[in-house]
Amino acid sequence: MKLNKTRFCPSPTGLLHLGNLRTSLFSFLIAKKTNGSFLLRIEDTDLERSKKEFSDAICADLKWVGLEWDEGPEVGGEEKSYYQSQRLELYQEFYEKLLDQDLIYPCFTSEEELKIIRRNQIAAGQPPRYTGVWSQASKEEVQEELDKGNKPVYRFRIPKKTTISFMDLVKGEQSFSTDDLDDFIVRKKDSTPTFMFANAIDDSLMGVDLVLRGDDHLSNTPRQIALLESLDLSLPHYAHVSLFTGSDGAPLSKRNGSLSISDLKEMGYLPIAVLNYLSRVGHTINDNDLKTQKELADSFETKNISSSPSKFDLDQLLFWQKKAVDNLTIDECASWLSGNLDDLPPTVQERGFIELIKENINFPNEAKEYVDNLFVSALSADEENLKIIQSAGQEFFILALEVVNAGLSDWKQTCKDIEARTGKKGKELFMPLRVAITGQTRGPELDKVIELIGLERVLERLQEASQI
RNA sequence: GGCCCGUUCGUCUAGUGGUUAGGACAUCUGGUUUUCAUCCAGGCAACAGGAGUUCGAUUCUCCUACGGGCUACCA
């Protein structure tokens, strides 16, 4: 299929999370794969909840993971604006057209009345449906309300007794009876458009030919199709991807461990790790190689999008993070770690240090911990360390100190000497030394660590250990 | 209530009218690493349930259960 434009159109009522991001990533990858363009549109028609700070944050997050849009806010394009709040005049012409053809009508039933009607319908076991009293109202009745200063909403006259069908690229052939649909609102009382209207109209006006979105929109699709058809506007292809849920199966939220993109950024996740993870949940890629954005696009297949929902799994994200860190060059690693290496003594080469610890870290703060333990802090006597040091005994460290004092040329030889002096061997010998010298039970190879931190620090630490 | 979507190891998933139902993550065991990580070898672990169609259903159909969505002057 030849596509030339996909889109992502968030409403700026909150921060981007992994669910949104995955949907936008799919759209982005399809655009890149097909040499099409990727459009970003901000759907800020809900004046109450939309905030500029959110749309700015969303843009920043998208850029951080590398989803640069070809058309939209900041970069521009053929449209007057990519913020719907600035496109209101544009919608006017369509309202007029619809009104002329009697395809929409004003409705003066208040929200309160609607609520009561709905409640009664549900209580009576009936489908909660707009009863349509205003759909047959006369000009006079309408005028009467207008004269009273009442503002109407406008409802779309859904055609009755027809079937609306479309081919969904993920879910397959879909078919809905319009009898199950009621006359939905296209324009609110404050004259702003509803999502159902603006979203569909804009996709068509902007030449979007693939609408890939969450499957929470699947049953909205027939309404949007009916609207577009009544206006003789072009229909896009549709692809509805299933939800990306929290680990408990509920929609992503703070409560089930959902992280915002800025959380991830702050924690030191690498964009490429996030991208590789997200490309493989709800979509199959045959291998487990860490791929570049371009490679991900090449591997993307709409037919490989899963139609069932998937759960967020931190372990799997972590797996890609490890791979991504491994894949970093020393220079890339340095800039990733910047700010965490500030306490490194001037005598220590940053690159050398990075090379030493790179395999042992997944996040920048772990590098900071190494700096701290190796160069800055006194020996941390947490429970685990204390146990190891105490079971080795004071005598052990005094003897070790003597050996090291006698000259440290080769760590392996030194170990042998300590072994001879103390009678300890294997783990008994090695762990206490590691803990004393590095302050941790784990970490890079000891001889390399010692090479980097120097004799003085080793002595200092053994001294400390001997006094515990 | 109506309409719609979904259900394969704990998780992400592959797969087929006849397979020992495959892989990855996690986990466990062993080896390498005098630690950890890495790496290597191996283990545990799944077709939601019930009917039907069929010589044979995880695969096709229907029902049920469970999860989710829409049914908003939210998107």
Side-chain angles (χ1 to χ4, degrees), chain A residues 9-14 43-46 48-50 84 107 109-111 114-115 118 121-130 151-155 168 170-172 174-177 179-182 184-196 198-199 213-223 240 242-243 245 247-251 277 280-288 304 306-320 322 326 357-362 388 412 415 419 425-431 433-435 438 440-446 449:
Chain A
C9 40
S11 67
T13 54
E43 306 217 325
D44 53 355
T45 52
D46 183 344
E48 298 262 306
R49 298 196 302 149
S50 296
Q84 286 185 327
C107 164
T109 312
S110 72
E111 282 184 79
L114 245 22
K115 253 181 213 161
R118 214 173 287 131
Q121 286 172 325
I122 289 169
Q126 288 168 344
R129 202 65 58 69
Y130 176 65
K151 293 244 161 80
V153 300
Y154 284 83
R155 286 181 184 271
D168 190 276
V170 174
K171 306 274 187 186
Q174 302 292 314
S175 194
F176 294 83
S177 163
D179 291 341
D180 295 321
L181 272 29
D182 59 1
F184 60 91
I185 296 174
V186 291
R187 199 176 90 154
K188 305 178 217 167
K189 199 152 89 176
D190 65 4
S191 304
T192 58
T194 58
F195 157 81
M196 208 67 80
N199 173 267
R213 60 200 339 186
D215 76 356
D216 47 338
H217 289 301
L218 188 58
S219 35
N220 288 150
T221 307
R223 293 173 236 268
H240 288 94
S242 284
L243 234 55
T245 69
S247 41
D248 55 358
Y277 170 59
R280 287 171 171 87
V281 23
H283 173 258
T284 304
I285 292 178
N286 279 327
D287 59 67
N288 262 335
N304 288 346
S306 158
S307 61
S308 48
S310 22
K311 290 179 186 170
F312 171 67
D313 182 27
L314 189 64
D315 281 328
Q316 268 155 32
L317 213 206
L318 218 50
F319 167 77
W320 291 104
K322 275 181 198 165
D326 282 350
I357 61 157
K358 184 164 168 273
E359 289 215 343
N360 285 274
I361 60 171
N362 291 325
I388 291 166
K412 282 220 164 81
C415 277
E419 185 180 335
K425 55 184 181 183
K427 235 179 185 164
E428 299 256 291
L429 167 74
F430 196 74
M431 266 323 254
L433 289 173
R434 165 173 289 279
V435 168
T438 70
Q440 285 172 288
T441 53
R442 38 157 303 175
E445 288 175 59
L446 245 196
V449 172

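Each chain gets a letter, A, B and so on, in the order its sequence line appears, and its residues count up from 1.
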Who passes side chain to side chain contact (heavy atoms under 4.5 Å, CB included) against F430(A), sequence neighbours left out?
R434(A), L446(A)

Write down the partner of C66(B) under the Watson-Crick or G-U wobble criteria, each distance required to be under 3.5 Å.
G6(B)

In whole angstrom, give the distance that lies between atom CG of D215(A) and atom P of G67(B).
17 Å

Residue-phosphate contact under 4.0 Å: S308(A) side-chain N/O, U7(B) OP1/OP2:
yes

Watson-Crick/G-U partner (both atom distances under 3.5 Å) of G42(B):
C28(B)

For C4(B), does either OP1 or OP2 sit under 4.0 Å from a side-chain N or O belonging to Q174(A)?
no

Taking the P atom of each, how far is C47(B) from U8(B), in whole Å?
10 Å

Looking at K311(A), does any N or O in its side chain come under 4.0 Å of the phosphate oxygens OP1/OP2 on U11(B)?
yes

Do any N or O atoms from the side chain of K322(A) and from the backbone of N362(A) form a donor-acceptor pair under 3.5 angstrom?
no

Nearest whole angstrom, please: distance from the C1' of A14(B) to the CG of D287(A).
14 Å

For D44(A), enumerate each residue passing the salt bridge (Lys or Arg N to Asp or Glu O under 4.0 Å) test, keeping only those at least two apart in sequence or located in another chain.
none

Pairwise side-chain contact, K358(A) with P444(A), heavy-atom cut-off 4.5 Å (strictly under):
no

Mind calculating the distance between CZ (F312(A)) and C1' (G68(B)) to the nearest angstrom?
20 Å

Report, as a single string ordered 5' to 3', how protein heavy atoms within less than 4.0 Å touch nucleotides 25-48 of chain B: B base, S sugar-phosphate only, - not at all.
BS-------BBBB-----------

Sequence neighbours excluded, which residues qualify as salt bridge (Lys or Arg N to Asp or Glu O under 4.0 Å) partners of R155(A)?
none

Taking all non-hydrogen atoms of both residues into account, name the closest pair between K311(A) and S247(A) and its distance.
CD-O, 3.6 Å

Between A14(B) and T284(A), is there an OP1 or OP2 to side-chain N/O distance shorter than 4.0 Å?
yes

Between A21(B) and C28(B), how many Å separate the two P atoms, rounded to a whole number?
27 Å

Please give the nucleotide sitting opposite A37(B) as a Watson-Crick or G-U wobble pair, both distances under 3.5 Å, or none.
none

Whole-Å P distance, U20(B) and U13(B):
27 Å

Under 3.5 Å: donor-acceptor pair, side chain of K188(A), backbone of T45(A):
yes

In whole Å, what separates the C1' atom of C73(B) from that of C60(B)?
46 Å

Please determine, for A57(B), whether a Watson-Crick or G-U wobble partner exists with both distances under 3.5 Å, and give it or none.
none

Roughly how many Å apart are C25(B) and G42(B), using the P atom of each and rounding to a whole number?
14 Å

Whole-angstrom distance between U19(B) and A75(B), as gauged at atom C1':
46 Å

Pick base, sugar-phosphate or nothing for F176(A), based on heavy-atom distances below 4.0 Å to the nucleic acid.
sugar-phosphate

Using a heavy-atom cut-off of 4.0 Å across all strands, would you classify L218(A) as base, sugar-phosphate, or nothing?
sugar-phosphate

In chain order, what residues pass the salt bridge (Lys or Arg N to Asp or Glu O under 4.0 Å) check against D315(A), with sequence neighbours excluded?
none

For A45(B) versus U11(B), give the span between their C1' atoms, rounded off to a whole number of Å.
12 Å

Toward the 5' end of RNA chain B, which comes first, L243(A) or V170(A), by nearest nucleotide?
V170(A)

Are any protein N/O atoms closer than 3.5 Å to N/O atoms in nucleotides 71-75 of chain B? If there are, list each pair with its distance.
unit_1: U71(B); atom_1: O2'; unit_2: P128(A); atom_2: O; d: 3.4
unit_1: C73(B); atom_1: O2; unit_2: K189(A); atom_2: N; d: 2.8
unit_1: C73(B); atom_1: N4; unit_2: T109(A); atom_2: O; d: 3.4
unit_1: C74(B); atom_1: OP2; unit_2: K188(A); atom_2: NZ; d: 3.0
unit_1: C74(B); atom_1: O2'; unit_2: D46(A); atom_2: OD2; d: 3.0
unit_1: C74(B); atom_1: O2'; unit_2: R49(A); atom_2: NH2; d: 2.6
unit_1: A75(B); atom_1: OP1; unit_2: T45(A); atom_2: OG1; d: 2.8
unit_1: A75(B); atom_1: OP1; unit_2: D46(A); atom_2: N; d: 3.2
unit_1: A75(B); atom_1: OP1; unit_2: K188(A); atom_2: NZ; d: 2.9
unit_1: A75(B); atom_1: OP2; unit_2: F195(A); atom_2: N; d: 3.2
unit_1: A75(B); atom_1: O3'; unit_2: E43(A); atom_2: OE1; d: 3.4
unit_1: A75(B); atom_1: N1; unit_2: N220(A); atom_2: OD1; d: 3.4

Sequence neighbours left out, what passes side chain to side chain contact (heavy atoms under 4.5 Å, CB included) with P251(A)? Give chain and number order.
L243(A)

Sequence-distant partners of R49(A), salt bridge (Lys or Arg N to Asp or Glu O under 4.0 Å), two or more places apart
D46(A)

Taking side chain to side chain contact (heavy atoms under 4.5 Å, CB included) as the test, write out the residues that go with N304(A), two or more places apart.
H283(A), T284(A), E301(A)

Please state the P separation for the pair A46(B) and C9(B) - nearest whole angstrom.
9 Å

